[in-house]
Amino acid sequence: MDLALLRTFVTVHRAGSFTRAAALLGLSQPAVTSQIRTLERQLGRPLFLRQARGVTPTTIGDELAHKAAPHLDALVEIAATGLDDESSLRTLHLAGPPEFTAERALPALIALTGDAGPGFALRASFGHAAEVLEGLAAGHHDLVISTARPRGPLLTAAPLCDEEHVLVAAPRWAEHIGPGEPRRSGIPALEKVPVVEVHESLPFVSRYWASVFDSRPVTSGTVIAPDLRAVLACAIAGAGIAVLPRYLCTTALEREEIVAVHEPAVPPLRTYFLVVRTGTLTMPHIARAHECVTVRDVSRGTSRATFHP
């Protein structure tokens with residue numbers, strides 16, 4: 001059986017689409033379709049059911065993928081290892097949310113770059129979860145940090161860490177709010193305080209209110225800046241309250257530039273996932289980066305972060 005046909009088959013099986021598989025393989029869609037039909041003729045059985053959107057593997061298709069994929073991945077590992085020498089500079093394409101990627105993931109990966117590293121080049125890009133996962137599936141990225149767990153066999157995700165969210169404000173706003181007990185509608189004084197957020201929909205504040213107060217915020221954003229580092233700067237400047245990851249605002253809290261205006265017994269958490277295309281961990285440079293980010297305490301500086309094995 002032709003290994004090229006099996007490679008195309010496994011890629012289609014993981015991608016769930018001839019179009020997406022063609023992009024990953026660097027082939028045209030008709031070429032991928034032709035190769036799958038050739039393999040089906042050789043086996044005498046259909047491997048996929050064509051749907052309006054993509055394809056679904058038949059029972060035979062699933063069985064073949066289960067048997068063939070590990071061996072093809074091993075061959076890829078052998079080929080990649082053969083190229084992984086001192087004369088070969090490998091490049092890792094990393095993508096994720098701008099703040100976490102810049103503040104935590106990139107510093108953790110620096111040990112794999114430069115003269116002291118194993119010939120490892122790094123290219124980073126930023127985007128929201130849906131955007132970077134789509135780019136990973138299309139082959140534009142090698143490793144992605146995402147706040148959403150992807151579905152389907154094309155992408156493989158591992159929990160990375162839990163990020164604690166903190167409700168903060170400049171000291172003058174904390175004095176204005178004063179002590180108070182949460183009610184169903186939230187702390188009453190908070191409803192009169194301006195909000196600093198990353199989007200008009202108030203994603204961080206809404207998530208905090210739902211988790212802590214079991215309600216929706218009745219306030220609106222006064223300052224909207226699409227970067228949590230800008231939100232932090234605005235909160236320090238006194239623009240209003242903000243919900244921020246603890247790792248990002250720990251230093252400002254220690255310097256008393258901002259204060260936590262509410263300390264729930266169980267703080268809201270958001271899980272990050274480390275995502276790759278299935279099978280690519282056989283490639284040494286991706287495997288090293290994956291292990292480095294997973295093993296390193298990428299949320300160091302937090303006081304309550306929860307890390308997954």
Side-chain angles (χ1 to χ4, degrees), residues 97-100 103-104 128-130 145-149 159-273 298-308:
E99 306 87 359
F100 189 89
E103 299 288 331
R104 293 294 176 252
H128 54 74
I145 297 169
S146 171
T147 55
R149 182 191 288 271
L160 179 60
C161 67
D162 284 335
E163 171 187 85
E164 178 190 346
H165 287 176
V166 190
L167 183 62
V168 300
R172 72 178 184 88
W173 281 115
E175 295 172 1
H176 173 76
I177 294 169
E181 293 297 326
R183 303 188 313 182
R184 182 170 180 78
S185 60
I187 299 177
L190 288 176
E191 300 171 356
K192 301 178 182 179
V193 180
V195 171
V196 187
E197 258 283 11
V198 296
H199 191 269
E200 296 287 353
S201 62
L202 308 183
F204 284 84
V205 170
S206 296
R207 189 182 300 114
Y208 190 97
W209 253 244
S211 175
V212 176
F213 304 135
D214 192 26
S215 68
R216 298 174 60 184
V218 297
T219 186
S220 60
T222 299
V223 177
I224 303 296
D227 190 299
L228 288 172
R229 291 163 294 191
V231 171
L232 172 60
C234 291
I236 291 173
I241 59 172
V243 174
L244 292 168
R246 185 173 287 275
Y247 79 85
L248 190 63
C249 62
T250 294
T251 300
L253 287 168
E254 292 173 348
R255 293 175 178 171
E256 298 185 349
E257 297 171 325
I258 52 174
V259 296
V261 297
H262 185 235
E263 292 280 7
V266 181
L269 300 175
R270 181 172 67 165
T271 300
Y272 283 100
F273 298 93
V298 294
S299 287
R300 63 191 183 280
T302 65
S303 60
R304 300 183 187 176
T306 301
F307 299 95
H308 300 273

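- Of all non-hydrogen atoms in Pro226 and Glu99, the two that sit nearest each other are O-OE2, 4.5 Å.
- Closest approach of Trp173 to Ala239, counting heavy atoms only: NE1-C, 4.1 Å.
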- Derivation of the side-chain contact (heavy atoms from CB on, under 4.5 Å) call for Leu167 and Trp209: CA-CA 10 Å; Leu167 183 62; Trp209 253 244; 4.1 Å; yes
- Message: Pair Thr147, Phe100 - check side-chain contact (heavy atoms from CB on, under 4.5 Å), show working.
- Response: CA-CA 11 Å; Thr147 55; Phe100 189 89; over 6 Å; no
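- Ser211 places no side-chain N or O within 3.5 Å of a backbone atom of Arg207 that could act as its donor or acceptor partner.
- A pairwise comparison of heavy atoms in Arg149 and Pro159 identifies NH2-CG, 3.8 Å as the closest pair.
- Residues Ile258 and Leu253 have side chains in contact (heavy-atom distance under 4.5 Å, counting atoms from C-beta outward).
- Taking CD from Glu163 and OH from Tyr247, the interatomic distance works out to 5.5 Å, rounded to the nearest 0.5 Å.
- Defined by atom type and a distance below 3.5 Å, a donor-acceptor pair is missing between the side-chain atoms of His199 and Glu197.
- Under the side-chain contact (heavy atoms from CB on, under 4.5 Å) criterion, Pro98 pairs with Phe126, Asp227, Arg229, sequence neighbours left out.
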- Val166 and Leu244: side-chain contact (heavy atoms from CB on, under 4.5 Å), yes or no, with the steps? CA-CA 5 Å; Val166 190; Leu244 292 168; 5.7 Å; no
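- The CG atom of Leu248 sits 10.0 Å away from the NE2 atom of His165 when rounded to the nearest 0.5 Å.
- Put simply, the side chain of Val198 reaches to within 4.5 Å of the side chain of Pro203, judged on heavy atoms.
- Residues Ala235 and Ala170 come closest through the heavy atom pair O-CB, 3.5 Å.
- The minimum heavy-atom distance linking Pro264 with Pro268 is given by the pair CG-CD, 4.3 Å.
- Note that CD of Glu257 is 8.0 Å distant from CG of Leu232, once rounded to the nearest 0.5 Å.
- The line from OH of Tyr208 to CD1 of Ile241 is 9.5 Å long, rounded to the nearest 0.5 Å.
- For the pair Gly240 and Val193, the tightest heavy-atom approach, listed with the atom from each and the gap, is CA-CG1, 4.3 Å.
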- Message: If you apply the rule side-chain contact (heavy atoms from CB on, under 4.5 Å), what do you find for Thr222 with Val195, and how did you get there?
- Response: CA-CA 5 Å; Thr222 299; Val195 171; 5.6 Å; no
